[in-house]
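Here the structure is a predicted model, which means the values were calculated and not measured.
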Amino acid sequence: MKVHFFEDNQDQPSVLDVLRQLRPQYDRAALLAQITRQMAQGYQVVYVKSGDQVMGVAGFVVSDKLAWGKAIYIDDLVTAEQHRSKGVGECLIDWFKVYAKEQGCQQLHLDSGVQRFAAHKFYLREGFHIASHHFSMTEIK
């Protein structure tokens, strides 16, 4: 397994298809358009590939915040359904640890939906801890 940065290449459709497993509200074209908009603001996408199979995808930003200092925030992290429990997520998290140090970051952060119990178990096993509650206002009136 090897981690690659997202670019316009032959892997793009497969990367988008795996990411759509986490974000099914997008079709491929809309997802690519959204990623392109976010990339203009510093969003990056990496993916794990073995042979010709895209096995997992993660989207993230490197930012500097009062609360955390320079840190990586992982917006999206998904392992393709057929490749789960095969070390793909661990490969991505290990890559993030190395990349964070290379970028001068001290921390990794992410949010996970309250219903994603298997993901929570994975994150805790990988060394994350529950540091806060995330509050959202999804309809501003």
Side-chain angles (χ1 to χ4, degrees), residues 1-9 11-141:
M1 285 184 274
K2 186 174 178 196
V3 177
H4 305 268
F5 278 91
F6 182 71
E7 55 187 284
D8 186 9
N9 64 23
D11 293 332
Q12 190 178 79
S14 296
V15 169
L16 295 171
D17 287 343
V18 171
L19 193 50
R20 286 185 64 238
Q21 290 181 23
L22 181 65
R23 307 289 182 211
Q25 67 270 32
Y26 293 96
D27 62 26
R28 246 195 224 163
L31 183 57
L32 181 57
Q34 182 64 37
I35 287 170
T36 301
R37 282 191 295 276
Q38 288 181 217
M39 286 179 123
Q41 300 170 23
Y43 181 75
Q44 300 178 68
V45 177
V46 292
Y47 61 98
V48 173
K49 185 175 178 185
S50 181
D52 62 352
Q53 295 283 309
V54 172
M55 303 172 76
V57 179
F60 67 99
V61 292
V62 177
S63 63
D64 221 340
K65 300 198 179 285
L66 289 172
W68 307 331
K70 191 171 182 185
I72 290 178
Y73 182 84
I74 303 169
D75 289 275
D76 310 290
L77 179 64
V78 60
T79 298
E81 191 171 345
Q82 69 272 28
H83 297 295
R84 291 187 184 147
S85 297
K86 296 180 182 176
V88 177
E90 182 180 3
C91 177
L92 280 165
I93 297 301
D94 287 346
W95 180 87
F96 274 117
K97 290 175 185 175
V98 170
Y99 188 74
K101 288 179 184 175
E102 290 172 354
Q103 299 303 307
C105 298
Q106 300 294 316
Q107 300 182 21
L108 294 175
H109 290 265
L110 58 80
D111 286 327
S112 182
V114 295
Q115 77 285 2
R116 299 188 67 224
F117 300 113
H120 303 162
K121 184 176 176 184
F122 167 74
Y123 297 135
L124 291 168
R125 188 176 68 236
E126 289 300 309
F128 286 87
H129 65 278
I130 300 169
S132 66
H133 293 280
H134 177 94
F135 293 88
S136 62
M137 192 177 290
T138 58
E139 292 184 34
I140 300 173
K141 297 177 183 183

- If only atom types and distance count, is the side chain of Gln21 paired as donor or acceptor with the main-chain N or O of Val78 below 3.5 Å? no

- Note on the structure: CD of Gln25 to CD of Gln34, rounded to nearest 0.5 Å, is 9.5 Å

- Only one of Phe6, Tyr43, Tyr99 passes ring-ring contact (aromatic ring centres under 6.0 Å, His included) with Phe60; say which it is. Tyr99

- Flag side-chain contact, heavy atom, 4.5 Å: Gln53 against Gln82: yes

- Item | Considering all heavy atoms, the nearest Asp27-Arg20 contact | CA-NE, 3.7 Å

- Item | Approximate separation, where rounding is to 0.5 Å, of Ile35 CD1 and Gln38 CD | 7.5 Å

- Hey, could you give me the OH/CG distance between Tyr26 and Leu19, rounded to the nearest 0.5 Å? 9.5 Å

- What is the ring orientation for Trp68 with Tyr73, classed by angle as parallel under 30°, tilted 30 to 60°, or perpendicular over 60°? parallel

- Item | Shortest non-hydrogen separation from Cys105 to Ile72 and the atoms involved | SG-CG1, 3.9 Å

- Hey, are the side chains of Leu32 and Gln12 touching, using non-hydrogen atoms and a 4.5 Å cut-off? yes

- Message: If you compare all heavy atoms of Glu126 against all heavy atoms of Lys97, which two are closest, and at what distance to 0.1 Å?
- Response: O-NZ, 3.8 Å

- Query: For the residue pair Phe128 and Tyr123, does the interplanar ring angle fall in the parallel (under 30°), tilted (30 to 60°) or perpendicular (over 60°) class?
  - Reply: perpendicular

- Looking only at heavy atoms, which two atoms of Gly89 and Thr79 are closest? And how far apart? N-OG1, 3.8 Å

- How far does OG of Ser50 sit from CE of Met55, to the nearest 0.5 angstrom? 5.5 Å

- Are His120 and Ile130 close enough that some pair of their side-chain heavy atoms sits under 4.5 Å apart? no

- With sequence neighbours left out, write down each residue that passes salt bridge (Lys or Arg N to Asp or Glu O under 4.0 Å) with Asp11, or none if nothing qualifies. Lys49

- Return yes when atom CD of Gln103 has more than 12 non-hydrogen atoms of other residues, nucleotides or ligands closer than 6.0 Å, and no otherwise. yes

- Item | Tyr47 and Val18, any side-chain heavy atoms less than 4.5 Å apart | no

- Query: So how far is it from Lys101 NZ to Gln106 CD, rounded to the nearest 0.5 Å?
  - Reply: 9.5 Å

- Quick one: list whatever passes salt bridge (Lys or Arg N to Asp or Glu O under 4.0 Å) with Arg125, sequence neighbours left out. none

- Query: Looking only at heavy atoms, what is the nearest atom pair of Arg116 and Leu77, with distance?
  - Reply: NH2-O, 4.4 Å

- Message: What I'd like to find out is whether the side chain of Leu92 reaches to under 4.5 Å of the side chain of Ile74, using heavy atoms alone.
- Response: no

- Those residues at least two apart in sequence (or on a different chain) that pass salt bridge (Lys or Arg N to Asp or Glu O under 4.0 Å) with Asp111 are none

- Query: So which heavy atom on Ala80 is nearest to which on Val54, and how close?
  - Reply: CB-O, 4.2 Å

- Message: Would you say that Asp76 contacts Val45 through its side chain, given a criterion of any heavy-atom pair below 4.5 Å between the two side chains?
- Response: no

